[in-house]
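Here is the structure we will look at.
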Amino acid sequence: MSTQERKTETIPEWKREEVGQITDFVERYESIGVVAITGIPSQQLQDMRRDLHGTAELRVSRNTLLERALDEASEGLDDLTGYVSGQVGLIGTNENPFGLYQQLEASKTSAPIKAGEVAPNDIVIPEGDTGVDPGPFVGELQSVGANARIDGGSIKVMEDSTVLDAGEEVSTDLSNVLVELGIEPKEVGLDLRGVFAEGVLFEPEDLELDIDEYRADIETAAAFGRNLAVNAGFPTAQTLPAQISKATGEAKSLSLQGAVENPDVMPDLISKADGQVRALVANIDDEEALPEELQDVEAPAETEAEAEAEAEDEQSDDQPDDTEEADVDEDADADDDDDEDGGDALGAMFG
C-alpha cells in the first residue's frame, strides 16, 4: 500500500469528499491555474466570481486539500502545487491561458492601502487642489512628505510629491492621508501565479503580451507572405485579386510596346501616338512644311532641365569666335535642308 493511499484512508470523510470535488473541478477544464487572493475583501471576491461566470470558475479551499487534489488529478497538474502557498484558489477555464491572463488583469480594480502593508509601487500625491478647507490637514500632508500649503482658501499640493517608495511599509499617518484624499495606490484582483494547459506550464511572464505590438507583427508577417505569394505567382484567395491586377497591367504594357490593336488599349495607343506626333512637330521649324491639321498643334511643355540647358547655350553663344560662327552657319544651313526634307516626308505621310 502506498503512502498516498494511507494518507487518503486516514483523512476525514468530508475532506475526502472535498478532494474529490476539487479533482472533478480540475478535470472539467482544459486550463487550470493557481491565483493569489490575498487582501481581496469578501464582497469584491464575490463580484470577481460573478464577472468570471461564463468564461472561468474559481474554487477556493484549504491549501492541503488543493495540493492533494492536484496530485491525484491528471498528469502534469501536480506541477501547480509549487504555487500553492498563502491565500490562493484554483481557476478553471476552457479558454486559452493568454486570454485568461488578459481577463484577470483587466478585472483588477484600485483599492485603499492599509497601515502596515507594503507599497506595491511608488506612492505619489499629485499636484493640485485637495479640496480640503484650511486646517490641521495641511500639517498632516507636510508630515508625510507632501509639498502642501494653504492657498486661495483651500489646501493645495504645489507639486507631485513621492511620499513612499515601492517596497516600503505604509504608516498609519500616510494611510489616513491617502484615505482623506481618495487615493487608492494598490490594485486588487486575482493574481495568476501559474497555469497548466495542453501539457504546458505557463507563468505570468510567459502570458504577458503587448497586444498592439503582437497584432502589428502578425499584420507585417501577413503582408510579407502575401507579397511573396504574389511575386511567386502562387494563387490564393487573398492574392488572386492582386495577381490578376498585376497580370492585367503587364499585358497592357506589352500591348502598348508591341502596338497590338485591342479595344482595351486603343485609347492608350492613340494617346501614345499623339504624344509622338507632338514631339515630332516640335522639332520642325517651318510650320508651312506641316500639313494644315498639324500646324496648330502645340509642342510639349518645356521641362525645367531643358530650359536651363537652353539658357546655358544662349550664354555660350554670346561670345563666339570666327571659327565657331562659321561652323554654326554651316550647321544652320544643314538643319534647314534637313527640315525641308523632314517636312516633305511628313507631308507625304499625312497626305
Would you say [X] and [Y] make side-chain contact, with heavy atoms under 4.5 Å?
X    : Y    : value
F137 : L181 : yes
N231 : K246 : yes
L104 : L52  : yes
R49  : Q46  : yes

Any donor-acceptor pair under 3.5 Å linking the side chain of [X] with the backbone of [Y]?
X    : Y    : value
R59  : L66  : no
S31  : E95  : yes
D274 : I270 : no
Q142 : A148 : yes
D133 : S154 : no
S253 : G249 : no
S175 : I113 : yes

Tell me whether R50 is salt-bridged to D47, with the criterion being a basic N under 4.0 Å from an acidic carboxylate O. yes

Are K15 and E18 close enough for a salt bridge, meaning some N to O gap below 4.0 Å?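 No, no charged N to carboxylate O under 4.0 Å.
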
For [X], look at atom [atom1] and say whether over 12 heavy atoms of other residues, nucleotides or ligands are found less than 6.0 Å away.
X    : atom1 : result
R62  : CZ    : no
E208 : CD    : no
K114 : NZ    : no

Checking side chain to side chain contact (heavy atoms under 4.5 Å, CB included) for the pair S107/D51: CA distance, chi angles, key distance, verdict? CA-CA 8 Å; S107 68; D51 293 339; 5.6 Å; no

State which residues pass ring-ring contact (aromatic ring centres under 6.0 Å, His included) with F25; sequence neighbours excluded, sorted by chain then number.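 With sequence neighbours excluded, F25 shows a ring-ring contact (aromatic ring centres under 6.0 Å, His included) to Y29, given in chain and number order.
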
Distance col, row N96:CG vs E198:CD, nearest 0.5 angstrom, shows 8.5 Å

